[in-house]
Amino acid sequence: MMRWLSEWWRGGTAAVEPAFARDAARLAQLHGASFAHGWGEGEFETMISERNTLVHRLRLGRKIIGFAVSRIGADEAEILSIAVDKGQRGHGLSRTLLMTHLGHLAGRGVRTIFLEVEENNQPARRLYDRAGFVVVGRRERYYKQPNGEHLNALLMRRDLS
């Protein structure tokens with residue numbers, strides 16, 4: 001927490017803003033550090049360039065510390081991934097990122113948001129619960145871990161309208 005406070009004290013403020021192609025390497029690095037199967041720089045470059053995909057970066061001062069990615073179809077969207085640097089978690093930045101991202105999706109006419117979350121991922125589940133998402137389904141053995149273990153996924157939904 002002290003590092004975050006010192007960043008803040010030096011004038012670093014959290015900002016959620018559109019991601020650019022030049023951010024792809026950092027976003028891939030954050031994704032790889034946060035998930036068992038990380039996405040590459042090329043995948044982020046593609047998503048950033050697609051009209052039906054919304055990619056936000058979370059910046060603290062000059063450093064990109066997180067991102068959110070959603071794919072839009074008609075008046076629905078799916079959050080494909082959201083992550084915050086491990087060293088910056090626990091300060092409410094994930095909530096700021098998520099709520100700002102949802103606001104931009106609503107601004108694009110999205111009325112319903114879906115996402116999948118690993119059933120055992122308690123921090124993410126708390127974030128989504130507090131943001132108004134509800135569990136609407138379950139996928140057994142959906143996520144395969146590097147050790148071969150399979151974990152269940154919960155399908156969650158939130159209406160924006």
Side-chain angles (χ1 to χ4, degrees), residues 14-60 63-86 88-89 92-146 150-161:
V16 177
E17 52 203 13
F20 298 97
R22 68 178 180 262
D23 302 325
R26 175 64 179 146
L27 301 183
Q29 181 184 35
L30 285 164
H31 195 274
S34 299
F35 300 100
H37 301 286
W39 296 341
E41 184 176 344
E43 291 169 281
F44 275 99
E45 287 172 349
T46 298
M47 289 184 288
I48 289 167
S49 70
E50 291 174 335
R51 290 183 58 221
N52 69 330
T53 306
L54 184 62
V55 184
H56 280 110
R57 66 184 187 183
L58 172 63
R59 193 174 43 76
L60 188 60
K63 186 171 183 176
I64 297 171
I65 62 161
F67 66 85
V69 181
S70 290
R71 180 149 296 134
I72 303 166
D75 66 347
E76 294 183 349
E78 179 183 6
I79 295 177
L80 302 177
S81 190
I82 185 168
V84 170
D85 183 88
K86 286 182 172 128
Q88 301 295 340
R89 294 178 187 164
L93 295 169
S94 296
R95 181 167 172 75
T96 298
L97 173 61
L98 176 62
M99 298 312 286
T100 303
H101 189 72
L102 293 178
H104 284 275
L105 288 168
R108 287 204 179 180
V110 171
R111 300 176 65 154
T112 306
I113 310 284
F114 293 93
L115 61 85
E116 291 163 350
V117 63
E118 185 183 294
E119 191 173 41
N120 301 0
N121 187 341
Q122 293 307 318
R125 292 200 41 204
R126 273 193 303 279
L127 171 68
Y128 300 135
D129 287 341
R130 290 176 182 158
F133 283 85
V134 294
V135 175
V136 294
R138 180 180 168 146
R139 293 193 169 116
E140 298 290 327
R141 300 172 45 85
Y142 184 75
Y143 292 109
K144 184 176 181 183
Q145 300 303 103
H150 286 82
L151 302 174
N152 299 330
L154 297 178
L155 179 61
M156 300 186 83
R157 172 188 174 145
R158 178 180 171 188
D159 293 330
L160 295 179
S161 53

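Computed from a prediction, not measured in an experiment: that's the story for all the values here. Each residue takes its place number in the sequence, starting with 1.
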Should Arg158 and Phe114 count as side-chain neighbours, where that means a heavy-atom distance under 4.5 Å? no
CZ on Phe35 to CD on Glu118, rounded to 0.5 Å: 9.5 Å
Heavy-atom donor-acceptor pair, His56 side chain to Glu17 backbone, under 3.5 Å: no
Which heavy-atom pair separates Glu45 from Ala21 by the least distance, and what is that distance? CG-O, 4.3 Å
Apply side chain to side chain contact (heavy atoms under 4.5 Å, CB included) to residues Val135 and Leu155 and explain how you reach the verdict. CA-CA 6 Å; Val135 175; Leu155 179 61; over 6 Å; no
Do His101 and Leu54 have side-chain heavy atoms sitting under 4.5 Å apart? yes
Which atoms form the tightest heavy-atom contact between Gly109 and Asp75, and what is the distance? O-CB, 3.6 Å
What's the verdict on salt bridge (charged side-chain N to carboxylate O under 4.0 Å, His left out) for Arg111 and Glu76, showing C-alpha distance, side-chain angles and the deciding distance? CA-CA 6 Å; Arg111 300 176 65 154; Glu76 294 183 349; over 6 Å; no
Using atom types as modelled, flag every donor-acceptor pair under 3.5 Å from a side chain in residues 122-133 to any protein atom, sequence neighbours excluded.
from: Arg125; atom 1: NH1; to: Glu119; atom 2: O; distance (Å): 3.0

Can you tell me how far the CG atom of Leu102 sits from the CD1 atom of Ile113, to the nearest 0.5 Å? 5.5 Å
Approximate separation, where rounding is to 0.5 Å, of Asn120 CG and Asn152 CG: 7.5 Å
Contact check, side chains of Ser70 and Leu105, non-hydrogen atoms, under 4.5 Å: yes
Quick one: side-chain hydrogen bond (donor to acceptor under 3.5 Å, both in side chains) partners of Ser94, sequence neighbours excluded? none
side-chain hydrogen bond (donor to acceptor under 3.5 Å, both in side chains) filter on Arg157, not counting sequence neighbours, yields Asp159
Glu43 (side chain) donor-acceptor with Gly40 (main chain) under 3.5 angstrom: yes
Dump the intermediate steps for side chain to side chain contact (heavy atoms under 4.5 Å, CB included) on Leu98 and Ile79, then the final yes or no. CA-CA 10 Å; Leu98 176 62; Ile79 295 177; 3.7 Å; yes
Applying side-chain contact (heavy atoms from CB on, under 4.5 Å), can you list everything that pairs with Ile64, at least two apart in sequence or on another chain? Asp23, Arg26, Leu27, Leu30, Arg57
Rounded distance (nearest 0.5 Å) linking atom NE2 of His31 with atom CG of Leu80: 9.0 Å
Output all residues satisfying side-chain hydrogen bond (donor to acceptor under 3.5 Å, both in side chains) with Glu50, sequence neighbours left out; order by chain, then residue number. Thr53, Arg71
Under the rule for side-chain contact (heavy atoms from CB on, under 4.5 Å), what residues qualify as partners of Thr100, not counting sequence neighbours? Val16, Thr96, His104
Rounded to the nearest 0.5 Å, what's the gap from CZ on Phe20 to OG on Ser49? Could you check? 13.5 Å
Would you mind reporting whether Arg95 and Leu93 have side-chain heavy atoms less than 4.5 Å apart? no
Euclidean distance, Met47 CE relative to Phe67 CZ, rounded to 0.5 Å: 7.5 Å
Do you know which two heavy atoms are closest between Ala14 and Leu58, and how far apart they sit? CB-CD1, 4.4 Å
Of all heavy-atom pairs linking Trp39 and Ala28, the shortest is O-CB, 3.4 Å
Find out whether Val110 and Ile72 are in side-chain contact, i.e. whether some heavy atom of one side chain is under 4.5 Å from a heavy atom of the other. yes
Just by distance, no angles: are the side chains of Ser34 and Arg89 close enough, under 3.5 Å, to form a donor-acceptor pair? yes
